Amino acid sequence: ATLPPVPTLADGVPSGVPPLTKLPDVEDTFFCRDDASAEPHFCSEVELQKCTRGPDGALPDPERCVYVGVPWESRYCPPGFIVDGAAKVGAGNVGVGKLPPCLPDPADCPAGEYAGAAAGDADVFVHATKGKDAWPGTMAQPVRTIGKGLVLAPAGGVVVVAPGSYQESVGISKAVSLRGHCAALVNIVGLPGEAALTVQGAGSGEALVDGFRIGGPWIGVDVSGTLPARLQRLFVTEATVVGLNLHGAGASVQATSLVVEATRSEPSSKKFGWGVSVRNGSTVTLHDTRLSANRDVGLIVRHTNTVLTATRLLVDGTLAQHGDLTRGRGVNVNEGAQATLYDTRLSANREVGLAVAHTGTVATATRLLVDSTLAQHSDKGGGFGLNALAGAHVTLHETRLAANRAVGLAVTDHGTTLAATRLLVDATLAKLNDQTAGQGVAVRHGADVTLRDARLSANRSVGLSVHDAGTSLAATRLLVEATQPQASGMETGDGGVVVWAGARLRLRGARLSANRAVGIAAGGAGTVLDVARLLVDGTLAQQSDGKFGRGLSAQDGALIRLRGVRLVANREVGLFSLAASLQAAGLVIEATSPQESNQQNGSGAWLIDGTTASVVASVIRTSRAAALAVDHSRVQLGGCALLATAWGKHPELAGGGVLPGGAITLADGILVNASPDSVVDRCLLAGNPRAGILIESSPGVQMTHSLVDANDASYGLVLQHTEAAIDDLNAIFGATIANRAADVGLALPAPPEAIKWGE
């Protein structure tokens with residue numbers, strides 16, 4: 001009978017898997033909202049055209065398009081600041097060759113000398129050149145120093161500061177409003193060993209600081225005590241040790257339109273240079289904030305009961321510590337702190353974009369973009385996008401990790417958990433020091449990860465790696481595609497998904513497309529791969545030598561459960577299993593092509609060297625050489641169809657090895673060698689030109705209730721050097737030589753080699 005048509009590839013993509021659309025530019029990353037539910041999802045090609053910035057930088061309709069990163073129309077600067085068009089952006093300059101720096105916007109400066117205030121609008125006026133501290137602080141008789149103005153101001157009062165440079169360390173100890181004319185024109189330069197601005201007090205109300213440029217030879221802004229501080233339109237530049245330092249239980253800051261940049265290291269130790277430090281149980285809220293070209297860490301949040309909430313935050317270009325050239329992290333959350341990030345971008349930092357560590361530490365990020373993390377300056381290692389470790393808990397929504405190094409997303413250690421919804425990890429680069437790795441997502445050493453709606457695209461070496469006993473990952477609606485080879489040229493370790501050494505991976509609805517060497521691999525005692533609704537298609541050969549290109553590879557004691565899995569248009573062999581345990585139902589393997597390097601093989605499935613397999617209700621068709629080959633293994637095959645195998649070349653098995661240069665041509669439905677007690681029940685074999693089924697040296701093989709339509713093939717059933725339990729409840733017909741034959745001397749192919757996986 002005519003064979004049924006092969007379904008199109010689109011028919012086999014599980015529902016909800018992210019589409020294979022062109023990746024958007026990093027700075028224009030969008031998810032799209034469903035019209036009915038308003039739930040974000042990966043955009044289709046048509047939706048991407050609607051979700052782009054306008055020519056003037058305006059963002060599209062937020063009801064339809066969800067922007068990932070900081071939604072500033074200027075891209076790089078918060079309100080009250082503009083891009084410094086005169087700055088040189090390149091290696092060794094501000095921004096580490098990536099993003100241009102910001103300056104206070106002159107348009108933010110009102111007319112007049114006192115921030116637009118009239119004589120009765122403030123309690124004290126300060127003027128650097130016209131004032132005298134002996135005067136009362138009126139508009140007509142202003143004081144000269146900010147410190148004097150704060151002394152004169154009552155609790156709840158207002159101090160207004162005229163343009164000028166104020167060489168003093170300012171201290172606020174009561175609820176007062178300190179208003180500068182604007183950050184472009186009012187400069188506070190602190191004294192040696194003292195913070196330029198200190199807020200330390202108690203009581204009700206708040207201390208407001210608005211419209212200043214702040215810096216100096218020590219800390220920029222230091223906040224402690226229980227008096228809340230509100231910071232607005234501040235430009236903290238070239239401070240020392242820490243730009244904004246918040247510490248102590250009960251201390252709190254709300255900051256809006258804040259830029260902290262170019263903090264310098266502590267002179268004697270050559271350490272620190274942090275942008276913002278939040279610690280010891282304090283609380284900070286950042287809105288419209290940029291932390292740029294600071295040292296060691298752009299933003300550090302640590303200790304139990306310390307809380308950070310940030311909205312519209314950009315941390316970029318963090319430099320290494322000046323002394324030992326280590327670190328350069330974007331954001332570091334550890335030691336039990338809590339951090340919540342919205343609309344955040346971490347760009348061109350060093351070693352790690354976002355690091356979250358230690359038991360009790362919790363970080364949640366929504367609409368987060370981490371891109372272009374650089375290697376650590378000292379050893380050229382690292383460059384991770386996001387690293388969660390040592391028992392931390394991380395939750396991500398609408399997140400993109402792009403063009404980072406070594407690993408886009410790394411999750412390690414027992415007790416560490418990460419849950420991500422709508423995650424894009426793409427274009428991870430190799431480690432700079434040895435050109436290895438470049439993995440999209442790596443989960444190791446007992447960590448627990450959940451992914452829902454994730455796309456891992458164009459990473460290197462491995463798209464998704466799950467490794468070590470106790471490690472587990474569950475993914476729903478996952479796409480792993482176009483994984484690139486290791487830049488080092490190493491021949492081991494390439495693949496779309498790898499689960500190894502006792503780890504557990506559960507996939508529900510996934511597509512692994514156009515990866516290299518193998519679409520998905522599992523190996524090692526205790527390893528469990530549990531998959532339902534999976535498509536593995538178009539796997540490419542290993543780039544270094546043109547070998548492999550397998551759909552699925554299992555070995556060394558792994559347990560594989562497959563339900564509703566399609567392995568389509570892969571190379572060399574669709575499914576390979578060595579000494580593994582395989583359970584498959586509803587498996588489809590089709591259109592496997594020969595290995596690129598020698599144009600040999602192209603078989604549907606090979607089960608070798610102690611594999612035990614149960615395969616039911618499955619189809620293998622349009623393979624080459626053999627639909628299913630079983631060598632020194634045991635298989636139970638029930639209710640399966642093995643169809644339309646094409647002629648293919650294969651290295652010949654002879655004397656326990658491969659003859660030098662020897663190859664045979666074959667096209668068998670099922671090939672069983674040295675595999676006693678295997679079972680073929682209620683199966684259909686049709687369109688296999690050499691033999692429908694060939695059984696070699698395998699006593700006790702059972703074949704029953706099966707149909708072999710040789711359809712002008714040479715043989716229907718061939719038994720060589722064996723006595724099999726072939727009953728009469730089979731139908732075998734259509735062979736040109738013999739429907740049933742014994743010891744006709746058909747040559748056997750040698751099994752494919754195992755892929756060697758490195759660390």
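What you see is a predicted model; the values in this text were computed from it and never measured. In this chain, numbering begins with 1 at the start of the sequence shown.
The 12-atom threshold is exceeded at CD of Q599, counting heavy atoms of other residues, nucleotides or ligands nearer than 6.0 Å.
Within the 3.5 Å criterion, the main-chain N or O of A501 finds a donor-acceptor partner in the side chain of T527. Remark: side-chain polar atoms of E45 are paired, donor with acceptor, to backbone N or O of K22 under 3.5 angstrom. Not a single donor-acceptor pair under 3.5 Å links the side chain of N515 to the backbone N or O of V497. No donor-acceptor pair under 3.5 Å is formed between the side chain of R405 and the backbone N or O of F384. In this structure a side-chain-to-backbone donor-acceptor pair under 3.5 Å is present from H650 to A750.
Here the closest non-hydrogen pair linking A605 and I620 is CB-CD1, 4.3 Å. Heavy-atom minimum distance, A437 versus A406: CB-O, 3.6 Å. In plain terms, the two heavy atoms of F548 and A754 that are nearest each other are CZ-O, 4.5 Å. The heavy-atom pair separating N730 from M703 by the smallest distance is ND2-O, 2.9 Å. Nearest heavy-atom pair across Q439 and S465 is OE1-CB, 3.8 Å. Taking both residues in full, the closest heavy atoms of F42 and L423 are given as CZ-O, 3.4 Å, listed atom of the first, atom of the second, then distance.
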- request: Please step through salt bridge (Lys or Arg N to Asp or Glu O under 4.0 Å) for the pair D530 and R504, ending with a clear verdict.
  value: CA-CA 8 Å; D530 186 353; R504 303 175 69 92; over 6 Å; no
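The residues D426 and R455 are annotated as not salt-bridged, no charged nitrogen and carboxylate oxygen being separated by less than 4.0 angstrom.
Side-chain polar atoms of Q583 and S614 form no donor-acceptor pair below 3.5 angstrom.
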